[in-house]
Structure formats: structure tokens, C-alpha cells
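Notes follow once the structure below has been shown.
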Number of protein chains: 2
Amino acid sequence: MPAARDVSGAARPKRVTLRDVAARAGVSLSTASLVFSGRGPVAASTADRVRAAAEQLSYAGPDPLASSLRQGRAGTVAVVVEGRLGDAFADPFARSVMDGLAGELDAIPAGMLLLARVPGDDARLLGQLAVAACDGVVFPLSGPRTDPAVDLIVGRGIPIVGAGSPVDPRVPQIRVDERGASAAMTRHLTTLGHRNIGHVTMPLTPGAMTSVATAADVADAVYGDARGRALGVLDVAPAARVVQAASLEIAAGMTAARLLLDTAPDARPTAVVAQSDLLAAGVIRAAGELGIRVPEDLSVTGFDGLDLPWLDYDLTTVVQDGRAKGRALGELIARAMAGQSVSSQAFPTQLRVGTTTAVARP
Amino acid sequence: MPAARDVSGAARPKRVTLRDVAARAGVSLSTASLVFSGRGPVAASTADRVRAAAEQLSYAGPDPLASSLRQGRAGTVAVVVEGRLGDAFADPFARSVMDGLAGELDAIPAGMLLLARVPGDDARLLGQLAVAACDGVVFPLSGPRTDPAVDLIVGRGIPIVGAGSPVDPRVPQIRVDERGASAAMTRHLTTLGHRNIGHVTMPLTPGAMTSVATAADVADAVYGDARGRALGVLDVAPAARVVQAASLEIAAGMTAARLLLDTAPDARPTAVVAQSDLLAAGVIRAAGELGIRVPEDLSVTGFDGLDLPWLDYDLTTVVQDGRAKGRALGELIARAMAGQSVSSQAFPTQLRVGTTTAVARP
DNA sequence: CACACTAGTCGAAACGATTCGACTCGAAAC
DNA sequence: GTTTCGAGTCGAATCGTTTCGACTAGTGTG
């Protein structure tokens with residue numbers, strides 16, 4: 001057979017395979033395989049000969065694809081993040097979850113295939129999942145409550161785990177009691193005497209714009225954690241005015257906050273529950289620009305428990321350990337991939353009172 | 001053959017393959033393959049029969065591993081980030097590069113296999129690269145100037161591209177003139193009359209601690225872009241005092257800045273060149289805490305051109321379009337994977353003067 | 001009516017490894 | 001002296017596709 005030629009016309013030498021190495025070392029293909037996998041008993045002298053042959057032929061080790069096919073495992077876990085990559089990782093909490101998850105995947109060991117659900121192009125994610133070589137799929141971040149990808153992945157016989165979404169009996173979860181934690185936070189504020197409470201939600205639906213949200217909007221929310229947290233607020237403060245932020249960024253929190261705060265002082269909420277720390281930072285910033293003092297005139301709360309050194313406050317927030325959450329997800333998918341049956345687990349949060357909440361002014 | 005049984009003892013039905021589908025549809029294996037790949041002429045009626053059979057057997061499409069093996073392409077590109085995942089994405093500029101890169105990989109199309117160079121565990125990355133199924137490797141972020149991984153990857157016959165690192169004739173680059181841009185920035189300051197200039201570098205070596213760096217430290221730096229930027233400063237201001245930050249975070253910039261600023265006012269630099277916008281933000285913050293006014297008492301410059309809405313200044317900085325850089329990297333690896341010969345390209349930057357630099361006080 | 005051509009289909013040969021069972025051979029056990 | 005055993009090695013089957021070349025039947029051309 002002549003050497004293969006690629007489009008550019010350059011001669012491409014035939015690839016060296018384990019067969020070539022075995023031939024050169026004067027052993028059988030199977031023995032050579034045993035040397036590289038270290039799985040069987042091989043005489044030291046034989047092993048050396050094989051390795052020497054590999055060296056001479058500059059054989060770089062067994063082809064991952066062939067190896068994977070034979071072994072029936074891709075050695076890879078698909079991880080789906082919500083939104084474009086640059087946005088998905090803008091949230092420090094998301095980063096800490098991913099960090100913990102990455103550590104566990106390393107330990108399996110498994111590679112991490114990163115897939116993004118680009119807003120407005122759901123088909124792309126489905127297509128990628130259909131052809132992706134992976135042994136498991138993780139949804140580590142808040143995503144849509146229902147997801148057609150689940151059918152597809154289950155159809156391929158691959159285990160899935162999530163962090164609250166997609167909601168499906170076939171998807172074991174590391175589950176945070178968003179609603180309960182959010183209700184507890186709101187109760188903290190009512191206990192301080194706040195009666196007029198505003199709420200800034202994360203986006204309730206993909207492509208959300210900054211807007212006032214009705215109870216129906218909340219109930220119909222696509223994103224499960226935003227929905228849960230909003231419901232928690234409404235459980236305790238049914239009259240709360242709810243504003244949806246357009247993204248998780250500080251600027252979005254500012255914009256949303258203005259909808260609540262830029263009004264007559266006596267109609268203005270005395271407390272704002274934000275669904276994330278970054279949104280809370282935006283609220284505080286917007287308050288500052290409007291001359292509203294925190295916490296004297298306005299109490300502000302967040303969610304996640306981030307370390308925000310540049311914030312001049314110690315934010316009252318709901319602390320969850322993102323890295324631990326990521327690790328828990330990693331352990332869950334590892335067990336599922338090992339064929340063990342796994343079930344959803346509760347993940348703890350803790351209310352931490354800082355300097356951004358105070359008793360309501362009389 | 002009896003149904004395979006896994007460790008847990010649960011019966012696992014034999015996997016349905018294209019062969020089963022073909023048999024059920026009453027066509028040959030090759031024809032069935034043609035239906036799914038859409039590569040050959042197939043009668044519409046035949047195609048329908050095959051698809052119907054697939055539906056009935058709940059066949060989810062060709063196995064990616066087998067398909068990849070046969071086609072000789074993994075459909076995946078490995079992307080190496082520096083440091084733990086949570087840290088690597090803490091830098092907004094890194095995120096924008098990754099975002100642009102992800103977009104181009106989608107277009108190839110290719111999956112993105114994310115690998116992290118965890119500090120202190122170089123072996124892990126090597127091991128992962130040795131067994132990872134991928135058609136190309138991208139080093140989109142600043143990494144060590146030399147990297148043993150290059151030999152490994154080249155040995156496997158896989159193309160590599162980078163953004164300035166690793167420095168190796170076999171690695172085409174999207175290259176920024178770090179040194180020139182940094183020198184231009186420093187010249188901006190000397191033109192404003194600054195004579196005593198401080199410099200805050202990104203980590204020069206893995207595991208760096210906050211510390212004063214000598215010219216030799218700079219010359220020996222492991223990380224290429226930190227080295228280039230520092231050399232640029234020293235080109236114009238050879239007497240500049242150089243302090244190395246321990247990370248890319250704001251807090252690290254603050255710590256480093258104190259080493260320069262917490263001193264007698266007449267010995268203190270009148271300008272600080274920081275190697276990134278986030279470090280610059282830390283410098284500004286540290287100055288504020290020390291009662292040093294920016295820009296009246298101290299000019300501060302950054303690098304990258306991030307959008308920092310929470311910073312009360314318009315930072316003087318070197319703007320580079322991270323997303324475009326990521327796209328350029330994606331195009332480069334795409335061409336290399338297509339067998340075309342590719343070569344390094346220059347990537348433009350632009351000096352943008354903001355409100356953090358002013359003429360030196362007399 | 002012979003001819004070339006195309007659309008449609010198929011069988012068989014890869015792709016590059018892993019793994020199972022069988023075989024050989026010398027050493028230890030009885 | 002036979003039997004047993006384990007270490008070491010090997011041949012062959014297998015993983016699930018894609019693709020190449022060959023084949024058939026029908027269609028249009030001369």
C-alpha cells in the first residue's frame with residue numbers, strides 16, 4: 001500500500017501501531033498489549049524489549065479510541081453548562097462547583113467534556129450529546145427544569161446526574177432546598193420588622209430581560225432554582241415585589257434593583273432579597289447611587305456565600321459550599337457509571353447574617 | 001450468549017447495534033450505516049424502513065467510539081487551562097478567550113475536552129494527554145514557556161496551537177507582543193513625567209508567593225507572558241521596582257501593591273504598571289486604603305481591557321479582544337487538524353488611556 | 001439492440017486495540 | 001516418576017462502525 005496522502009499532498013507515513021511494536025520486539029500482539037496495560041504477567045526482559053521497540057518506532061502508546069472501543073468506556077464525562085462559556089463561568093459559585101467536580105472526575109479518572117447550552121440554540125446541545133463519546137453526563141448548574149436531552153442520553157444508556165435540574169425521575173440529584181433556604185432568609189427579614197420586601201431573581205427563563213415578574217411568571221419559570229428561591233420568598237412575604245434580572249452579573253443586579261428602589265421613599269422596599277451574592281452586590285451598588293444607605297435604609301441579602309473582598313460589607317447570605325457540591329456530583333456520577341444504583345441527596349445550606357441587614361426603620 | 005451481568009448483579013440487556021437495526025430492517029449493515037451518516041445514495045423507502053427499525057429497537061444512533069475509531073478522528077479538541085478550574089476561569093480575560101475558542105470549536109465541529117494543569121501535579125496533565133482521545137490540543141492561556149507535554153503530543157501526531165506558550169517551533173501561536181505593549185504603556189507613564197515606576201507582575205513561576213523580583217527572576221520566569229510584560233517595563237524603566245503577585249486575583253494585587261506603596265512618600269513610586277486589570281484594581285484598592293489618591297498621587301495601569309463596572313475609574317490599560325483571540329486560536333487548530341500547514345500570527349493590542357493615569361506631581 | 005451510466009445495495013476489509021482460553025515449560029509437591 | 005501449578009506467551013475473537021469495490025437492475029443514448 002502506498003503511503004496515504006492528505007489533501008495538501010504531503011506524504012503521511014502510515015501510523016505505527018501496537019502490531020508494529022510487537023513485531024519489532026518479536027512478541028505477539030497480545031503480549032505487547034499486556035506490557036502497556038500492565039494487566040497481565042509479563043517477564044521483565046520481555047517488557048523491556050517491547051518498550052525498547054516502542055521507543056525506536058516512536059510509538060506513543062495505545063490509541064485511546066481503539067482502547068476505548070474495546071473496553072466499552074470512553075473515559076470521559078460530559079458536563080453541561082448553561083449559557084455561553086464566558087457567561088457560565090462568570091459566576092464564582094458556578095466556578096467553585098466546577099472546580100470540585102473536576103477534582104472528582106480526575107480521581108475516577110475521567111476526562112471532562114465541556115458542553116454549553118448556548119441560549120437560542122438548543123439543537124446544538126442535543127446534537128453534541130448525540131455524538132459525544134462519554135460515559136456519563138452531569139448537569140452541575142441550574143438549568144431548565146425539563147430538558148429533551150434527558151431522553152436522548154437515557155436512550156444511549158448513559159447515566160445522568162444533576163444539581164436540581166433537569167427534574168426527571170431518571171436523574172439523581174444533589175439537591176439544595178432552595179425554597180426553604182430562601183424562605184428562611186425572608187423570615188430573617190420579617191423578624192427584623194421588614195414588611196415591604198423586594199426580590200431580585202436570577203433569570204427565570206432563557207433570554208430574560210429585566211422586568212417585574214408576577215406570581216404566574218414565577219410559577220412558570222423555566223429555571224428550577226430561580227423558581228424555588230422566588231417561591232420561598234413568596235411563601236413568607238406573599239406581597240413581595242419581584243423583579244427578574246437579565247443575567248447573573250452585578251450590572252444586571254443594579255438594573256433590576258433600580259426597578260425596585262427608584263421610587264418614592266415611602267413606597268420603597270426596606271429590604272431586598274437577591275437570589276445570588278453578585279446580584280446582591282448590584283443591589284447595594286444601585287442603592288448607593290440612589291443615596292440609599294445599607295443597611296440603615298435598606299437591608300440586602302444574597303445567596304451562595306461567596307467571598308467578595310471588594311464589597312465593603314459582610315453580606316447576609318445563604319452559604320453553600322460550591323466545591324463540596326461539585327465533589328458530591330462527581331461522586332454521584334462515578335457511582336452511577338460504576339453501575340451502582342444512586343439516588344438523590346440533600347445538600348445543606350446555612351444562613352449567615354452579615355452587616356447588610358438590620359432592623360427596619362420605624 | 002447469556003445477558004451480561006454487572007457487578008451489582010443486575011441483568012443488562014445486550015446493547016443494540018447497527019447490525020441489529022439492519023437485520024430488522026432487512027437491509028445490509030452497510031446500507032444502514034449509509035442511512036445514519038447520510039453519505040451515500042439510499043432509496044427513501046429504504047431509509048424510512050431503517051429509521052423505523054431503529055425507532056422500534058430504540059437505537060440511539062451509531063456508537064461514537066466505533067465511529068471515531070473507524071474514521072480516525074475523535075471529534076474532540078483538548079484545551080489545557082493553567083491552574084485549577086476554579087482559578088483558571090476567575091480571570092475574565094481568560095473567560096473571554098475560552099468563549100471565543102468554544103465558538104470556533106463548535107463550528108468545526110469538535111467537542112472541548114477540558115484539561116487543567118493543576119499546580120504541583122504536572123504528571124497528571126501528562127497522563128491525561130497520553131490517554132485522551134482528541135484530534136488537537138490548544139493552550140489558550142499563558143502557560144510555562146517550555147512544556148514536556150509538547151513532545152508527548154507531537155509524538156502522538158496531534159497538532160498543537162498556543163497563545164504565546166509553550167514556546168516551541170512545533171507549536172504555532174496566536175502571539176501578542178506582550179513586551180512591546182508593556183513597553184508602550186511604560187513609555188506613556190514616562191511621558192507623563194513619572195520616573196519612579198513600580199511594576200506588579202502576574203506569577204512568574206508556578207506557586208509564586210508575593211515577593212520582590214530581581215531582573216534575574218524576570219529573565220528566568222516560567223510563564224512567558226508575565227516575563228514578556230515585565231521585560232517591556234524594564235526596557236523603558238530599567239530601575240523599576242518589580243513585585244510579583246501570588247495570583248491573578250484582586251487580593252493578590254493588593255498584597256503586592258503594599259510592598260511597593262507602604263513606604264515613605266518620597267520613596268514611593270508615582271506610577272504602578274500592573275500586568276492585568278484585576279491586579280491593577282487591587283493596586284488601586286490598596287492605594288485607597290493607604291490614603292494614596294489615584295491618579296493624583298499615583299498612576300495605575302492594567303492589561304487586557306476588561307469591563308470592570310464596579311471599579312470607580314476608567315482604567316488605563318492595554319486592550320486586547322479576548323473573544324477574537326479565542327476565535328483565532330480555534331481557526332488555527334481547525335486548519336492544523338485539516339492537515340493544512342499553519343504558522344504563528346501576531347494578535348493586535350491597543351493602548352487605551354483612562355482616568356487612572358495623570359502627569360506626575362512635581 | 002447493444003452500450004454506457006447511474007442509483008441502490010451489499011459483502012468484506014479495515015480501524016487498533018483488549019481479552020479469553022489454550023498452550024508450553026520448568027519447578028515444586030507427593 | 002508422575003502430577004500439579006503458576007508464570008509467561010500466544011492466537012483468535014471481539015468492540016461497532018465506515019468505506020471500498022463489486023454487483024444488479026433499470027434508464028437513457030446512439
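Just so we're on the same page: letters track the sequence lines, and every chain starts at 1. Please read all numbers here as calculations on a predicted model, not as lab measurements.
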Subject >> Nucleotide nearest A:Arg39 when distance is taken to its side chain, options C:dT19, D:dG8, C:dA17 >> reply: C:dT19
Original post:
How would you label the contact of A:Pro41 with the nucleic acid (heavy atoms, under 4.0 Å): base, sugar-phosphate, or nothing?
Top reply: base
Original post:
C:dC20 P sits how many Å from A:Leu29 CG, rounded?
Top reply: 15 Å
Original post:
Counting any heavy atom closer than 4.0 Å, what does B:Ser30 reach on the DNA or RNA strands: base, sugar-phosphate only, or nothing?
Top reply: base
Original post:
Using a cut-off of 4.0 Å on non-hydrogen atoms, how would the nucleic acid contact of A:Ser33 be classed: base, sugar-phosphate, or nothing?
Top reply: base
Original post:
Where the side chain of B:Arg70 is concerned, which of D:dT17, C:dG16, D:dT9 is the nearest nucleotide?
Top reply: D:dT17
**OP:** Output the single nucleotide from C:dA17, D:dT9, C:dT9 whose closest atom is nearest the side chain of A:Ser67.
**Re:** C:dA17
Subject >> Closest to the B:Thr31 side chain, choosing from D:dT18, C:dC10, D:dC10 >> reply: C:dC10
Original post:
To the nearest angstrom, how far is A:Arg73 atom CZ from C:dT19 atom P?
Top reply: 10 Å
Original post:
Can you tell me how far P of C:dA14 sits from CZ of A:Arg19, to the nearest Å?
Top reply: 10 Å
Original post:
Which nucleotide, D:dC10, D:dA7, C:dT9, lies nearest any side-chain atom of B:Thr46?
Top reply: C:dT9
**OP:** Measure the distance from OH on A:Tyr59 to P on C:dG16 and round it to the nearest whole Å.
**Re:** 10 Å
Subject >> Distance, rounded to the nearest Å, where B:Leu69 contributes CG and D:dC15 contributes P >> reply: 14 Å
**OP:** Between C:dT9, D:dT9, D:dT17, spot the one nearest the side chain of A:Leu34, thanks.
**Re:** D:dT9
Original post:
So what's C:dC30 paired with, Watson-Crick or G-U wobble, going by both distances under 3.5 Å?
Top reply: D:dG1
